[in-house]
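Data first, discussion second: the structure below is written as structure tokens.
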Number of protein chains: 2
Amino acid sequence: MKLSIGEFSAVTSLTIKSLRLYHEKGILIPSQIDEFTQYRYYDEANLETAKSIKILREYDFSLSEIKEILDECDSEENLLEQLQEKFKQVQEKIQKYQNISNSLANTINLEKENKMHVNENFEIEEKEVETILIAGYRMKGQYHEIGKGFGIIGKKFGRHINGKAMGLYFDGEYKENDADFEACFSIRKGTGEGDISVRELKGGKCVSLIHKGPYNTLSESYKKVFTAVNETDYKKLLPTREVYIKGPGMIFKGNPKNYLTEIQIFIEE
Amino acid sequence: MKLSIGEFSAVTSLTIKSLRLYHEKGILIPSQIDEFTQYRYYDEANLETAKSIKILREYDFSLSEIKEILDECDSEENLLEQLQEKFKQVQEKIQKYQNISNSLANTINLEKENKMHVNENFEIEEKEVETILIAGYRMKGQYHEIGKGFGIIGKKFGRHINGKAMGLYFDGEYKENDADFEACFSIRKGTGEGDISVRELKGGKCVSLIHKGPYNTLSESYKKVFTAVNETDYKKLLPTREVYIKGPGMIFKGNPKNYLTEIQIFIEE
DNA sequence: ACTTGACTCTTCCCTTGGGGTAGTGCTTAT
DNA sequence: ATAAGCACTACCCCAAGGGAAGAGTCAAGT
């Protein structure tokens, strides 16, 4: 049997290009090479080798790995080890892509939520809020540092996060530097760990206003809400709650003019 | 803020090399470039972009995909679609590696089995064989064509194959050309489909001999077994069974001198 | 014997996402 | 003055081929 490269390519379903590469790399050397024309000719032994190479390539072995395997005369001895090693590597790849897949799914959900809530009414209203399970990270410092808190919770509870990010503010007044607040997410399940507290956050009646625009203009909306509450007989409760309906995305910050933040002042009648 | 490339590299944990590449590709253009020294200087906007790039790279987006995403001013519009598209691609990769993993696990099992059974006794013996579930592919032709049969079953039942390959021979005599035989594997479960029959293969008492060596010398061992059986009062039953204990591996053919084949002639007392 | 069309040869450039090195330029501290 | 530390460009490298150019070769028909 003496097959030209084209015929051998058809038989093995390896491309001519690949066959030439394998020759160059010393993995699959044609049984005969015409002295004058340099034409390659292949025989049955080549066919066996080609089959082995194909299978090993399908198993994601690199050409250099295949060369090693083929070059060892005691190939049958070490083959098993190498298969098991490759199996481990493939498992790792699966794990890697599984992690990417999970992160992606998470981001997609967040982005989806961020897209909704386009037409809200921007008026003060009274509403009932349900009790929910939250994971919270209490912090002291400046308000804008709350982002770190979300990061910390996100790392631990990424899979279980269920709803939007929220902020609980335990000071009755605006504090420049030593504010006491808590970053939290509504979660499906989980248990506290380290600095992260998992607990039920009681619902109730609140006065709510959705603020549109960057965070540094929030105080205007706060003024409106407080004015409205003060005109009633309601007693304000702490902590004040902010729900970040639409904020900077995971990937892009987006335009702060379009951020939506709901201010919730809980009240006792 | 005006960071040199080294400082920016430290802040973003992107290598200097990568930053220069991103600049060259137009993905992340330094806010300022010194006219004379060509030094790159980065600002906060660059920092934001760098963060986005890092996340997208972690999500397995290619640089050209990232460039597309970043170049669209309406990035927030299409971002969701692109995330979902990427999610699909990642799922496909997981599936691909999962398939490789399965095939590898299969091959590893076969190779492991092939390694065992090193010291067998090569004498005729009587034994009891249990009833097992098999997937079989009946064929007519030449004996060596049985390999195709194994291939066909392997494709359909790869996951469920449990034991060694066997051959059932329904002719009472050696037939050069029009032999009637069946390739089969012991399987864990499964149902027949198309030309593949799944059924119980009855066990019983048999006279057995393990043949060592290439298949074309099997006839010598057959002669021994038949001579032995004929010296008794046992009645020979059909089909005759061959169990391929150690044959050509999935990847390497191995040395035919080491092949082990058990011949089983079932008998009725 | 000649032509023609199908094959085959080598050589070169391209892809991804950078890594590594060489040679040179700039500033600053000693 | 010189050396250290940083930055710059330009070049080559990896894996596993794909694509194309330009030249030579084979087999079949005329």
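A, B, ... follow the sequence lines: proteins, then strands. Residue 1 opens every chain. These numbers come from the heavy atoms of this one structure, side chains and all, not from hydrogens, waters or symmetry mates.
- Residue Arg40(B) places no side-chain N or O under 4.0 Å from the OP1 or OP2 atom of dC6(D).
- Regarding Glu7(B), its CD atom lies at a distance of 16 Å from the P atom of dG5(D), rounded to whole Å.
- dG24(D) atom C1' lies 7 Å from atom OH of Tyr39(A), rounded to whole Å.
- For the pair Pro256(B) and Tyr215(B), the minimum side-chain heavy-atom distance is 4.5 Å or more.
- Taking a cutoff of 4.0 Å between a charged side-chain nitrogen and a carboxylate oxygen, Lys93(A) and Asp60(A) qualify as a salt bridge.
- In this structure, Lys2(B) is positioned above the aromatic face of Tyr41(B), its NZ or CZ under 6.0 Å from the six-membered ring centre and within 45° of the axis.
- A cation-pi geometry, defined here as NZ or CZ lying under 6.0 Å from the six-membered ring centre and within 45° of its normal, holds between Lys86(B) and Phe61(B).
- Residue contacts shown for Arg57(A) are limited to sugar-phosphate atoms, with no base heavy atom under 4.0 Å away.
- Across all strands, Arg20(A) comes closer than 4.0 Å to base atoms (heavy-atom distances).
- The distance from atom CG of Asp34(B) to atom C1' of dC6(D) is 14 Å, rounded to the nearest whole Å.
- Atom-to-atom, CD1 of Ile33(A) to P of dT25(D) comes out at 16 Å; the value is rounded to the nearest Å.
- Taking atom CD1 on Ile5(B) and atom C1' on dC8(D), their separation rounds to 9 Å, with Å as the unit.
- Rounded to whole Å, the distance from CD1 on Ile53(A) to P on dG17(D) is 10 Å.
- Looking at Tyr42(B) and Thr12(B), their side chains never come closer than 4.5 Å, going by heavy atoms from C-beta outward.
- When DNA chain C is scanned in the 5' to 3' direction for atoms under 4.0 Å from non-hydrogen atoms of chain B, the outermost contacting nucleotides are dG17(C) to dC26(C).
- Rounding to whole angstrom units, CZ of residue Phe8(B) and P of dA7(D) are separated by 13 Å.
- Note that the CD1 atom of Ile53(A) and the CG atom of Leu14(A) stand 7.5 Å from one another [nearest 0.5 Å].
- Atoms NZ (Lys17(B)) and P (dC11(D)) sit 13 Å apart, rounded to a whole Å.
- Just one residue in the list Phe150(B), Phe157(B), Tyr244(B) forms a ring pair (Phe, Tyr, Trp, His ring centres under 6.0 Å) with Phe185(B), and that residue is Phe150(B).
- Counting non-hydrogen atoms under 4.0 angstrom, Tyr22(B) reaches the backbone sugars and phosphates but no base.
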